[in-house]
Protein chains: 2
Amino acid sequence: MNKRPQKTVTALDAITADLVAVLVAVTDGDPRIMTIEHAAALPSGPFQFAHRSLQMGLRAWVEAQTGHPLGYVEQLYTFADRGRSGDPDAPHRISISYLGLTREEEGHEGADAQWSSWYDYFPWEDHRDGPPAILAKIIAPKLKTWARAADEPALQKGRWRRAAITFGLDGREWNEELTLQRYELLYEAALIPESVREKGGEATVPGRAMTGDHRRILATGIARLRAKIKYRPVVFELMPDEFTLLQLQRSVEALAGRLVHKQNFRRLIEQQELVEETGAMAPDTIGRPAKLFRFRQGVLAERAVVGTKLPLSRS
Amino acid sequence: MNKRPQKTVTALDAITADLVAVLVAVTDGDPRIMTIEHAAALPSGPFQFAHRSLQMGLRAWVEAQTGHPLGYVEQLYTFADRGRSGDPDAPHRISISYLGLTREEEGHEGADAQWSSWYDYFPWEDHRDGPPAILAKIIAPKLKTWARAADEPALQKGRWRRAAITFGLDGREWNEELTLQRYELLYEAALIPESVREKGGEATVPGRAMTGDHRRILATGIARLRAKIKYRPVVFELMPDEFTLLQLQRSVEALAGRLVHKQNFRRLIEQQELVEETGAMAPDTIGRPAKLFRFRQGVLAERAVVGTKLPLSRS
DNA sequence: CCATCTTATGCTCACGGAGAGTATAAATGG
DNA sequence: CCATTTATACTCTCCGTGAGCATAAGATGG
């Protein structure tokens with residue numbers, strides 16, 4: 001690996017590169033992702049070297065698809081593990097995954113493309129109405145069984161400990177950022193279709209599966225986004241031009257999968273001068289009318305670098 | 001991009017994949033990185049599909065080179081921008097970069113490999129003795145000149161604002177995590193050899209350059225590591241089995257490039273039960289002898305997931 | 001033996017932010 | 001007029017963090 005010979009590409013080490021995109025929008029308090037193949041896969045395709053960079057290529061493609069500019073884009077992870085496709089003779093595939101934030105627009109879906117709630121794929125991730133029932137009723141018992149199935153008592157303890165930490169069991173706190181770790185635990189415990197395909201076992205935990213490792217990529221994207229909204233002003237990429245503070249709060253809650261203390265939320269937003277009043281009031285509201293706000297583009301230059309704060313606590 | 005045709009690899013879209021590694025160790029309060037080619041490049045080489053995953057391949061290679069197990073490994077970024085190599089007909093190259101933490105060992109360097117201080121490449125990043133002189137004497141004036149060279153007053157302001165934010169000028173606070181942004185700003189301002197190669201101009205800011213975009217990758221690794229040590233117990237991967245709290249503190253300071261309040265540092269370390277006393281005292285010390293500690297392996301399982309806290313403030 | 005230097009270690013204090021609760025205002029629909 | 005819903009303003013407590021002071025335990029040099 002020390003030298004860098006200019007290797008010629010032979011059939012033996014043929015490589016193809018894929019892009020896989022986790023495109024997120026929030027509509028009516030629902031976090032949505034762009035899917036294809038009847039909601040069973042993330043949009044993906046062969047990598048085009050036509051553009052100046054990976055990001056540019058992704059941008060162009062998404063804008064053509066959704067008719068909306070792609071706001072924030074971030075690289076997630078590059079997968080190149082052997083045996084990701086079943087065929088051992090297939091050319092090696094490197095998948096480069098991206099997270100992108102947009103807004104959902106009517107009538108712009110491609111023939112094959114549609115928006116789906118990300119909680120369809122991860123029903124245990126939505127704690128906005130408290131811990132979902134599947135957690136205590138289905139997931140926790142199955143994980144307990146899995147833990148008990150380990151050979152040694154030490155291993156059993158370790159397994160259960162891991163389960164308890166990631167899923168907030170045994171009175172531990174739920175940590176919404178551990179989406180990927182939770183998915184990987186379920187995979188390891190052979191409780192989801194993806195791992196049953198490889199390991200055998202019964203897939204019994206609710207939640208829609210995806211092609212290949214797309215659901216893992218989605219979990220990576222969710223985890224990254226949940227971490228990011230707390231210290232970078234990225235939520236605004238998902239909002240319409242004008243919005244009320246409650247709408248903003250609902251979007252944050254939709255992404256985080258948990259509720260937020262309203263007064264504290266507003267305090268933080270306003271004291272950081274992230275938004276400014278438009279002067280108008282929101283139409284068609286129940287209750288006291290809310291002021292409309294818009295994002296202060298000015299802060300982008302500074303805050304995109306330096307950071308921001310969002311509260312994320314319980315109800 | 002919707003469909004995923006199994007493309008055959010032709011000369012037109014031939015792709016090669018590279019691994020580039022940022023291998024970090026800390027020796028005597030100096031953050032070191034593994035380099036090759038007379039300290040002008042990061043270790044890199046063609047990607048081997050022989051291993052089960054990218055990480056495994058990297059691990060095996062590094063352990064052979066350094067004779068030491070590679071502790072923490074993390075993927076950094078995948079570069080695939082067109083025109084990264086000068087030759088337009090060269091096969092497209094995808095570079096997957098990794099951050100790895102080890103310990104420096106005598107006599108295990110390969111023929112071409114050596115350890116170098118990362119501050120040789122980024123002298124402006126070391127604020128342990130206060131802001132380095134080059135900042136005020138060289139970098140700030142040059143950035144000011146660059147800002148003034150913009151066409152419009154608004155652009156000029158924007159440029160200077162960015163410079164001030166990233167480099168902590170105009171009385172702003174220094175943020176050690178902005179290593180990458182600082183590098184990119186210098187690149188954009190054509191103040192370093194790498195950008196002069198492309199854009200022309202005079203490279204006048206001190207700091208050793210590297211082949212290709214290796215210094216950018218190094219900056220990415222430093223930024224990532226500086227962010228990581230604050231909330232994950234990764235410093236311990238860089239420590240010997242037994243160490244004093246001051247040695248631990250010096251390592252953190254070496255990485256962060258800034259000093260830490262000693263009492264607070266110890267308070268945090270101890271209250272989190274990250275370490276345990278070995279019972280022995282450190283040999284060959286000046287002043288009051290210090291207890292030796294070792295990392296509590298037990299916390300790894302939990303804290304690697306949930307997190308940790310390190311203070312990082314001024315002296 | 002004492003003064004001084006160096007590092008280790010224990011303790012206290014003030015400030016600010018985060019979490020959470022209370023109270024009031026402004027609208028709507030019966 | 002009242003119940004309901006949302007908006008908005010204050011307040012209070014707790015705790016983490018930054019920072020300083022004081023003391024302990026060694027070594028060294030006069």
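Just so we're on the same page: letters track the sequence lines, and every chain starts at 1. Basis for what follows: all heavy atoms, side chains included, without hydrogens, waters or symmetry-related copies.
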Donor-acceptor side-chain pairing of B:Tyr72 and B:Glu74 below 3.5 angstrom: yes
Contact nearer the 5' end of DNA chain C, comparing A:Leu268 with B:Gln263: B:Gln263
Given DNA chain D, 5'-ward residue of the pair A:Phe293 and B:Gly287, judged by closest heavy atom: A:Phe293
Atom of B:Leu238, atom of B:Thr102 and distance for their closest heavy-atom approach: CD2-O, 3.3 Å
Comparing B:Lys309 and A:Glu270 on DNA chain D - which has the more 5′ nearest nucleotide: A:Glu270
Row check, B:Trp174 ring normal vs B:Arg182 NZ/CZ: under 6.0 Å, within 45°: yes
Nucleotide nearest B:Leu246 (side chain, heavy atoms from C-beta), chosen from C:dA8, D:dT8, C:dG19: C:dA8
Side chain of A:Pro289 - closest among C:dA26, D:dG20, D:dA7: C:dA26
Any donor-acceptor N/O pair under 3.5 Å between C:dG10 base and B:Arg267 side chain: no
Minimum heavy-atom distance between A:Leu274 and A:Pro233, given as atom pair plus value: CD2-CB, 4.5 Å
Closest nucleotide among D:dA7, D:dG20, C:dT9 to the B:Arg266 side chain: C:dT9
Between C:dG21 (C1') and A:Lys262 (NZ): distance, integer Å: 15 Å
Donor-acceptor pair (no angle test) under 3.5 Å: B:Arg288 side chain, D:dA25 base: no
